[in-house]
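Note sheet for the following structure.
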Amino acid sequence: MDRAAPLLEVEGLKVEFDTRHGVARVLTDIGLSLEPGETLGIVGESGCGKSMTALSIMRLVPIPPGRIGAGSVRLKGEDLLQASEKRLREVRGKDISMIFQEPMTSLNPVYSIGDQIAETARLHDGLGRRDALDRAVEMLKAVHIPAAERRVREFPHQMSGGMRQRVMIAMALACRPSVLIADEPTTALDVTVQAQVFDLLKELQDRTGTAIILISHDMGAIAEMADRVMVMYAGRTVEEAPTEEILDDPRHPYTKGLIACVPHLEEAPPPVRAALTEIPGVVPALTDPGAGCSFAPRCAHADDRCRRAAPPPRDVGGNHRVACWLYEGADAA
Amino acid sequence: MTVIVHRLLNAVGLLLAVVVFNFILLSMVPGDIADTLAGESGGASAEVMAEIRRTYGLDQPFHIQLATYVGKVARGDLGMSYYFNLPVSELILGRVAPTLLLVVTALVLAILIGTLFGVIASRKPNGAFSHFVTVLALVGFSAPVFWTAFLLIVLFVAMLEIMPLSGLVDPTTPRGTLAWYLDVLHHLFLPVLSLSSIYLAAYSRLARASMMDVLGSDFIRTARAKGLGETSVTCKHALRNAVIPVITIAGLQFSHIFSGAVVVETVFTWPGLGTLAFESILRGDTPAIMGILFFSAMIVIVVNLLTDLAYRIVDPRIRSARNA
């Protein structure tokens with residue numbers, strides 16, 4: 001397949017944190033690429049490095065104790081890891097925006113939401129006070145907040161969680177970024193509100209062509225939103241494939257476990273309920289990963305080799321890559 | 001609006017309670033004006049003592065005395081000072097300006113410099129400046145204010161000889177001229193430095209902790225993700241949230257700083273309310289003491305009201321909660 005340089009390309013990203021218990025390898029050899037208008041889903045349990053990947057792309061990892069050890073993050077060919085802090089501030093909020101998991105605390109309580117949205121427009125697009133406020137109203141309308149002219153003067157505490165997440169989206173998209181990173185944008189919200197937020201993101205993406213990196217631990221949300229899915233475990237990518245492919249034919253035992261964990265209402269009508277599945281064990285300590293596959297201690301298929309050496313990612317056909325010794329034979333295909 | 005009316009009614013009730021409580025407290029002190037006068041004049045007969053007590057209404061039953069006093073206070077009459085034979089209110093008004101000058105200057109400086117120190121320290125919590133602030137806070141907090149004052153006198157007056165020892169102004173300077181104002185500032189320097197040292201320590205420590213807390217918030221991460229520089233993040237997004245506890249403590253400490261002023265004024269013979277209070281206690285001048293207590297209670301209540309207003313300006317959450 002012959003392609004031009006992707007919009008965003010991450011290669012060999014390695015992030016470490018100095019902790020009291022030694023160096024934690026938070027991200028090891030992470031790579032991803034993103035095309036305009038595409039949605040990439042990143043899934044995994046808490047602590048697997050999803051959010052850290054997002055923060056590394058923005059270079060918002062707290063340094064120290066964090067350290068970006070190796071790799072590159074290229075936006076339209078420009079390596080952000082080598083860029084100056086000044087250049088990065090131009091990129092943040094303008095080319096790459098981010099929304100967070102906690103809409104209740106991600107907005108500044110002492111400024112009106114209008115001021116907070118307008119701030120981005122004034123900073124990056126050089127708008128005056130009045131024009132920036134008009135932009136804020138326009139953005140609030142775009143995220144379907146009723147009575148936008150009035151609500152632009154309200155403060156975060158006067159709004160519900162779902163409304164605040166809409167405000168966060170309005171703020172993130174105010175300067176029409178080419179990449180939006182959504183870090184668990186609906187985790188803190190009610191199920192009905194979750195669906196509304198996803199619909200809104202899709203609608204805005206259709207209209208603006210923004211590429212989205214959607215981080216979630218919810219396989220259902222990913223299935224609905226993402227074009228491609230990247231599964232992370234203990235700071236590594238274990239599997240990556242188009243969404244359909246990964247849902248129909250998950251290869252890595254961890255991915256299989258994740259998909260099995262999603263309850264299916266239609267398959268188990270009451271009163272006969274199937275027991276919910278779970279993956280036994282917990283994510284290992286990142287300070288002491290050992291030599292083998294980090295999933296081996298929880299894996300039903302693990303053998304001696306899995307405990308000795310970490311499997312490299314290999315192509316199994318159909319844009320599907322998986323890092324597991326089970327598919328060693330498929331390497332040639 | 002109703003909120004403000006409510007707060008004012010509360011304040012009046014509180015003042016009434018202060019007056020009654022002070023009166024009861026001071027009437028429990030052994031000895032009265034007759035004893036004091038008798039002591040000063042080297043003894044007096046029982047008839048003279050009774051005469052003095054009748055003049056000052058001390059022969060009345062306790063509840064009548066109390067009611068009379070409360071009634072007078074309500075009309076703005078704080079009684080006559082035994083010692084000066086002047087209305088207490090006049091006495092206080094003559095002394096209030098130097099005290100306010102001292103206290104307000106010290107407090108404002110302590111808040112501004114303390115907050116600045118705290119903000120700088122919070123940027124590098126393990127840096128040298130941050131440790132300096134911690135040590136400063138410890139020393140400032142532990143050192144008694146009179147001791148700090150004496151050390152400053154030793155340094156600036158005795159050794160360097162660049163500061164005046166005491167008083168408000170050199171009496172030979174013509175009043176109202178520029179030289180007079182400068183001389184007041186010159187005399188103000190050491191008292192303010194002594195008084196603000198304790199509070200500076202407290203505020204820098206508080207501001208440091210508050211800033212560090214706020215800098216870890218999610219909305220600070222949002223501000224950085226927007227592309228704001230560190231200066232905007234610190235001064236705009238963090239500071240406004242971090243000053244809320246500083247305002248709370250400033251309001252509470254205003255009453256505290258009054259008591260500190262008594263000590264500092266006494267050390268520097270600053271002609272304010274503090275020295276008046278101290279001397280009135282020594283002289284057993286009950287009306288003056290009660291007047292000063294009433295006046296400082298009033299100041300504290302007014303400052304609390306102002307603190308409340310300041311909150312509403314800084315924090316929109318309080319604004320709407322109190323309006324609701």
Side-chain angles (χ1 to χ4, degrees), chain A residues 51 54-55 57-62 64-65 85-113 115-125 153-158 164 167-168 171-172 174-175 177 180-183 188, chain B residues 115 119 122-128 130-131 207 210-248 250 307-324:
Chain A
S51 298
L55 290 175
I57 292 172
M58 303 277 277
R59 228 172 79 190
L60 283 172
V61 176
E85 183 59 30
K86 182 170 175 288
R87 170 69 192 134
L88 253 135
R89 289 204 297 269
E90 289 167 15
V91 171
R92 292 179 193 140
K94 170 74 181 162
D95 298 299
I96 308 179
S97 284
M98 194 163 173
I99 57 177
F100 300 96
Q101 186 175 353
E102 307 85 2
M104 305 310 279
T105 50
S106 290
L107 289 164
N108 194 329
V110 301
Y111 291 103
S112 74
I113 58 163
D115 281 346
Q116 295 187 55
I117 300 172
E119 190 177 29
T120 319
R122 292 174 71 176
L123 184 68
H124 294 297
D125 291 352
R153 283 192 299 273
E154 289 191 353
F155 290 89
H157 69 272
Q158 291 164 294
R164 288 191 213 186
V167 171
M168 283 298 290
M171 195 161 87
C175 294
L180 173 68
I181 302 174
D183 186 359
Chain B
T115 308
V119 169
S122 72
R123 299 306 313 278
K124 288 205 175 80
N126 288 314
S130 186
H131 291 307
S210 178
M211 274 299 279
M212 281 169 64
D213 189 37
V214 172
L215 282 173
S217 314
D218 291 331
F219 61 81
I220 293 299
R221 186 182 56 186
T222 308
R224 293 206 174 105
K226 273 165 140 179
L228 291 172
E230 281 307 298
T231 314
S232 294
V233 169
T234 310
C235 298
K236 189 177 170 196
H237 284 267
L239 188 56
R240 183 142 168 202
N241 282 281
V243 296
I244 294 169
V246 173
I247 293 174
T248 313
T307 312
D308 215 48
L309 274 175
Y311 268 149
R312 297 153 74 89
I313 292 167
V314 173
D315 193 342
R317 283 165 296 188
I318 294 174
R319 218 179 296 161
S320 55
R322 307 253 165 120
N323 280 339

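Below, chain A is the first sequence line, B the second, and so on; all start at residue 1.
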Under the 3.5 angstrom rule, does the side chain of Y111(A) hit a backbone N or O of K236(B) as a donor-acceptor pair?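 Judged by distance alone, yes, a pair lies under 3.5 Å.
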
Interface residue of largest heavy-atom contact number with chain B, from M98(A), H124(A), R59(A), under 4.5 Å: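 So the answer, after comparing M98(A), H124(A), R59(A), is H124(A).
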
Pick from G93(A), C175(A), P109(A), P156(A) with the largest number of heavy-atom pairs that fall under 4.5 Å of chain B: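 Going by pairs under 4.5 Å, I would pick P109(A).
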
Flag side-chain contact, heavy atom, 4.5 Å: K226(B) against E119(A):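 Result yes, sub-4.5 Å side-chain heavy-atom pair found.
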
M171(A) and T222(B), any side-chain heavy atoms less than 4.5 Å apart: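 Result yes, sub-4.5 Å side-chain heavy-atom pair found.
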
From L123(A) CG over to S232(B) OG, what is the distance, rounded to the nearest 0.5 angstrom?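 Separation between the atoms: 7.5 Å.
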
Quick test of your reading: applying ring pair (Phe, Tyr, Trp, His ring centres under 6.0 Å), list the pairs with at least one residue in residues 213-234 of chain B, sequence neighbours left out, ordered by first then second residue.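 Every candidate ring pair (Phe, Tyr, Trp, His ring centres under 6.0 Å) pair involving residues 213-234 of chain B fails, so no pair, neighbours aside, qualifies.
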
Which bit of L228(B) comes within less than 4.5 Å of chain A, counting heavy atoms only: side chain, backbone, both or neither?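 Both backbone and side chain.
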
Check: residues 100-107 of chain A side-chain donor-acceptor pairs under 3.5 Å, at least two apart:
residue	atom	partner	partner atom	Å
E102(A)	OE1	R221(B)	NH2	3.0
T105(A)	OG1	D218(B)	OD2	2.4
S106(A)	OG	E102(A)	O	2.7

So which part of Q116(A) gets closer than 4.5 Å to some heavy atom of chain B, the side chain, the backbone, both or neither?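 For Q116(A), the contact with chain B is made by backbone and side chain together.
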
